[in-house]
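Naming: A, B, ... by sequence-line order, numbering from 1 per chain.
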Number of protein chains: 2
Amino acid sequence: MHSPELLKGTLQTIVLKVLKDHGKMYGYEITQRVKELSDGHILLTEGALYPALHKLEAEGLLSTETVSIGKRIRKYYALTSPGKVQAKERVAEFVDFIQTMGSVLQVKLN
Amino acid sequence: MHSPELLKGTLQTIVLKVLKDHGKMYGYEITQRVKELSDGHILLTEGALYPALHKLEAEGLLSTETVSIGKRIRKYYALTSPGKVQAKERVAEFVDFIQTMGSVLQVKLN
DNA sequence: GATCAATACATAAGTGATTTATGCATTAGA
DNA sequence: TCTAATGCATAAATCACTTATGTATTGATC
């Protein structure tokens, strides 16, 4: 995992986009999916993820559904309609940011 | 200027790379160059820049030279040898980060 | 010749996302 | 039977950065 400094501010974008691509997921599942997609480079910590999920839910971007698997609980999160819009906007914003950084750092992204 | 959240953690990388590309520069000049390169999207604040410069200097990555222009003072910063190495590493790290994020967000950067 | 914007540095308090630490509980594997 | 993995959650601490403030010079505008 590379310097976590750069990761700041990307958590919500990641969560929203992953949920958009994979449909409803529970917290732990998100951490695993992101770990997979990033080839082990991005490891979401629970202390960051759960509060983020709660916040997105409070903002109406996510809806929840709690399911019991045996005696274990899973809390599924899914995008609401505004959540889908936000997901798109956040990704676009990120791409924009990358383009700008590319100009400043004079690097080619491909 | 887009959401400043994403900018977090990139300040040192920007400063190091800009100094690498343009040689010695003073603080205010850096803010202007970055503004230019980013087409007005990235506006470095003095409250962030000056402490960052001082920190990089304290770490031995930058050397300084104070010059008087009339009665006004300019403090020029330049990369030291370790600073040049760091500049390269930081940029590489950023490119790496972008690639990883591209995978997670499933976006093409070009 | 006064006033405002730009130039040029600097520091300190406050913010806020994230890390680190901790807690509880179930399930699978060695 | 003990450890790792699964699964949730919260609270304190950290730390980069924003916002606010301060000082001073220079150029432009009216």
Could you list all N or O pairs between the protein and nucleotides 27-30 of chain C that sit under 3.5 Å apart?
residue, atom, partner, partner atom, Å
dT27(C), OP1, K71(A), N, 3.2
dT27(C), O4', R72(A), NH2, 2.9

Provide a list of protein-nucleic acid N or O atom pairs under 3.5 angstrom, restricted to nucleotides 9-12 of chain C.
residue, atom, partner, partner atom, Å
dC9(C), OP1, K75(B), N, 3.1
dC9(C), OP2, G27(B), N, 3.4
dC9(C), OP2, Y28(B), N, 2.6
dC9(C), OP2, Y50(B), OH, 2.8
dC9(C), O5', Y50(B), OH, 3.4
dC9(C), N4, E46(B), OE2, 2.8
dA10(C), OP1, K75(B), NZ, 3.0
dA10(C), OP2, H54(B), NE2, 3.1
dT11(C), OP2, H54(B), ND1, 3.4

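Contact check, T45(A) against dT18(C): no side-chain N or O comes under 4.0 Å of OP1 or OP2. OP1 or OP2 of dT18(D) has not a single side-chain nitrogen or oxygen of K8(B) nearer than 4.0 Å.
Each of T13(B), I14(B), T10(B) was evaluated against R90(B); a single residue qualifies, T13(B), per the side-chain contact (heavy atoms from CB on, under 4.5 Å) test.
No side-chain heavy atom of I98(B) sits under 4.5 Å from any side-chain heavy atom of V107(A). At a threshold of 4.5 Å between non-hydrogen side-chain atoms, the residues K24(A) and Y77(A) do not count as touching.
By the 4.0 Å N-to-carboxylate-O rule, K8(B) lies too far from E5(A) to be salt-bridged with it.
For the residue pair Q86(A) / E89(A), a side-chain donor-acceptor distance below 3.5 Å is found, with atom types taken as modelled.
For T80(B), there are no side-chain hydrogen bond (donor to acceptor under 3.5 Å, both in side chains) partners, not counting sequence neighbours. Residues that satisfy the side-chain contact (heavy atoms from CB on, under 4.5 Å) test with R74(A), not counting sequence neighbours, are Y26(A), I69(A), Y76(A).
Taking atom CG on L6(B) and atom C1' on dA16(D), their separation rounds to 15 Å, with Å as the unit. Straight-line distance from the CG atom of L49(A) to the P atom of dT20(C): 16 Å, rounded to whole Å. Straight-line distance from the CG atom of L44(B) to the P atom of dT18(D): 9 Å, rounded to whole Å. If you take NZ of K55(B) and C1' of dC15(D), they are 8 Å apart, rounded to a whole angstrom. Rounding to whole angstrom units, CD of residue E65(A) and P of dG7(D) are separated by 15 Å. Atom pair L7(B):CG and dT18(C):P shows a separation of 14 Å (rounding to whole Å applied).
Across all their heavy atoms, L11(A) and A52(A) have their closest contact at CD2-CB, 3.8 Å.
Atom-to-atom distance recorded for L49(A):CG and Q12(A):CD is 11.0 Å, nearest 0.5 angstrom.
Applying the side chain to side chain donor-acceptor pair (under 3.5 Å) test to every pair with at least one member in residues 45-63 of chain A, sequence neighbours left out, gives these pairs: E57(A)-T64(A).
Non-hydrogen atoms lying under 4.0 Å from DNA chain C are contributed by nothing in residues 9-21 of chain B.
Put simply, the side chain of K35(A) never gets that close to the backbone of L43(A): no donor and acceptor are under 3.5 Å apart.
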